[in-house]
2 protein chains.
Amino acid sequence: MEHDRWVGLDLRHLLALKAIADEGSFGRAADRLGYTQSAISQQIASLERIVGLRLLERPGGPRPVTLTEAGRILLRHAEAIEARLLAAKADMAALEAGDAGRVRVGTFQSVGAKIIPELLRQFAASHPGVEVVLTESQDEDELLAMVERGDLDLTFWTLPLVGGPYEAVELLRDPYVLVVPADSPLARLERPPTLREITLHPLVGFNQCRAMAHVDRQLAAAGRTPNYVFRSDNNGTVQGLVGAGVGISLSPRLTVDEDDPSVAIIDLQGRLEPRVIGLVWHADRHFSPAARAFVESAVAVCSELAEAPAAA
Amino acid sequence: MEHDRWVGLDLRHLLALKAIADEGSFGRAADRLGYTQSAISQQIASLERIVGLRLLERPGGPRPVTLTEAGRILLRHAEAIEARLLAAKADMAALEAGDAGRVRVGTFQSVGAKIIPELLRQFAASHPGVEVVLTESQDEDELLAMVERGDLDLTFWTLPLVGGPYEAVELLRDPYVLVVPADSPLARLERPPTLREITLHPLVGFNQCRAMAHVDRQLAAAGRTPNYVFRSDNNGTVQGLVGAGVGISLSPRLTVDEDDPSVAIIDLQGRLEPRVIGLVWHADRHFSPAARAFVESAVAVCSELAEAPAAA
DNA sequence: GGTTTCCATCATGGAACATGATCGTTGGGT
DNA sequence: ACCCAACGATCATGTTCCATGATGGAAACC
């Protein structure tokens, strides 16, 4: 391959293109990047000279700059390169911080209660040199954003995966159960109640939680509109409210306390699709041995959990 | 995100890292890239200053330079970025050449005979503005290399796909048939002959062809060693040799001339896995509307072909 | 037609870079 | 033990490239 003009290409060129595409103006792009308008103008001129094609359409006057066909195509590559560069930066930062023996993992409440303790116990025993840093959040999307930024190496996640530069592994399927007051007539049925029977009762649920959205989506698809009388972010609160007779609750099995005598737990036997819990990581980032080991441990622990789902 | 020292990163830095990793020496890397050793040394120093980590282990003396852990990780990102950059370059070159209405497609003989004519006819009729440039090669790997370099937009390919930055779509499954002389006793059997019965006869086959390798692999897996008495690159030659009684042939159905009275064609009815023909393209490159249309036409034509496989 | 909002262009000062020479280090050959 | 070859780091230097600030020209809005 010839040593052509492409070696003169600079990252600033690509960042400038992206900034202009976002802002629609050389001047605003310059402000955002901390350059002068003249500098941006020259950078783009240089970039166009390198690729040999006009990348931006300057209509003149106060009208916004638009991308040409070539500009759009190049911009997609530029964004991919920038993303890869950010991944590299995150990897270097992790290495600089001495992360060879550290895994930063994102969790959320319903996974924290049952999976994490056993997983950490086994992982610590089998990998004593690895430090695990947990970050718990109410908002799964925030966890994913942290993975994207490189602030986390892994995060638990309710599958399926949304689009993005991610890879995932499925850990376990967690079926939904119906939690009712211990003296509820629903608890004495021979068969699991139908969705219709369930939605006739007032419901207690969670806030802003992907598992709950999953339930609501399925109810809506079945033509049922749930009647929520209370929402909380805390599993114990939800279960306490059910025990107190405020309502009933559709909860993932892993989130319920099966030893609570004030409630009865009813297997829905497939009336609702189970939620699928997995681990997600950034596809472009370096997969450290410590992270790999953590994923393997998680898979092992969860397959144990799945085989003995209702251990007292 | 802060405007940190990473904006000073230059592609030459990454290319230098890659060159050193390949060559094991600053000096040879400098030669390859057309710089002086001093320049390379300073580039690496600058790169290490940017990332804040030592990337190369210099043992001193004539021993080769090796990558550190950080260097290895960064190198993988650098290679991904370089690959993406090459894809961008290919896209720009294609655009510069006025490829908006052009598709460059790689083919090989066995696909050229039956699929291509009907496909081109239909495609030309439905997309009159698009020019199709065909490149035929005996060697499928060469076609794939051309896709990788950006010399082709699409290529036919015998699936499964090997590793690499490719995407593919399956077009059709082409079963193998046994081609025997018209007066062969094999042609009078009630059932298709077994692999054992086949390999007792001398075989005529193709040279360096993935479809043939596919057959040999399956025969080997079944513990049969084929006895090739002749190989040719030309379908007509192979079939002519069979007709002349030189041997029998295992050929994909699409490659045989069913009107040849000197041979009989025997359906193997699943004794061999069919070869799968698909279209492959570069995952990172821009997918032009013309290329997309070509893929769609190919899928349509091939599904017609699959439904009427033995049209006289 | 004046005004505003753009981008392109120009000359200039400064930073970054490649060069060529030199030095320190290491390992192998004699 | 010695010398030599191979190698990377460093230094001073000349050049190239880039960002700056000011100016000019084009298009739309009032």
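All chains are named by letter (A, B, ...) in the order of the sequence lines, taking the proteins before the strands, and each is independently numbered beginning at 1.
Checked by distance alone, A/Gln37 brings no side-chain donor or acceptor within 3.5 Å of a matching partner on the base of D/dA22. Judged by distance alone with a 3.5 Å cut-off, no donor-acceptor contact links the side chain of B/Thr36 to the base of C/dG20.
Residue B/Ser41 is classed as a base contact, given a heavy-atom separation below 4.0 Å to a base.
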Could you go over nucleotides 16-18 of chain D and give all protein N or O partners under 3.5 Å, atom names and distances?
none

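Going from atom CD of A/Glu23 over to atom P of C/dC7 covers 11 Å, rounded to whole Å. Atom pair A/Arg63:CZ and D/dA28:C1' shows a separation of 7 Å (rounding to whole Å applied). The separation between A/Glu48 atom CD and C/dT9 atom C1' is 15 Å, rounded to whole Å. Here C/dC17 presents its C1' atom at 12 Å from CD1 of B/Ile40, a figure rounded to the nearest Å. Rounded to an integer number of Å, the gap from B/Glu57 CD to D/dC7 C1' is 15 Å. In this structure, A/Phe26 places its CZ atom 16 Å from P of D/dA27, rounding to the nearest Å. Following rounding to the nearest Å, B/Ile50 (CD1) and C/dA16 (P) show an atom-to-atom distance of 11 Å. Following rounding to the nearest Å, B/Asp31 (CG) and D/dG8 (C1') show an atom-to-atom distance of 14 Å.
Side-chain atoms of A/Arg58 lie closest to C/dA8 of the nucleotides C/dA8, C/dC6, C/dT19. The side chain of B/Ala39 lies closest to C/dT19 when the candidates are C/dT19, C/dC7, C/dT9.
In this structure, the separation between CD on A/Gln138 and CG on A/Leu143 is 10.0 Å, given to the nearest 0.5 Å.
Pairs engaging residues 278-291 of chain B under the salt bridge (Lys or Arg N to Asp or Glu O under 4.0 Å) rule: B/Arg84-B/Asp284, B/Asp91-B/Arg285, B/Asp153-B/Arg285 [sequence neighbours left out]. For the ring-ring contact (aromatic ring centres under 6.0 Å, His included) condition, no pair includes a residue of residues 19-55 of chain A, sequence neighbours left out. Residue pairs meeting the salt bridge (Lys or Arg N to Asp or Glu O under 4.0 Å) criterion with at least one partner in residues 125-135 of chain B, sequence neighbours excluded, do not occur; the list is empty. Among residues at least two apart or in separate chains, side-chain hydrogen bond (donor to acceptor under 3.5 Å, both in side chains) pairs with a member in residues 64-76 of chain A are A/Glu69-A/Arg72.
Taking the side chain as every heavy atom from C-beta outward, B/Lys18 and B/Leu75 approach each other to under 4.5 Å.
A/Val132 is linked by a side-chain contact (heavy atoms from CB on, under 4.5 Å) to A/Val105, A/Leu120, A/Phe123, A/Leu134, A/Phe294, counting only residues two or more places apart in sequence or in another chain.
At D/dT10, none of the side-chain N or O atoms of B/Ser38 fall inside 4.0 Å of OP1 or OP2 (strictly under the cut-off). Phosphate contact (OP1/OP2 of D/dA6, side-chain N/O of B/Arg28, threshold under 4.0 Å): absent.
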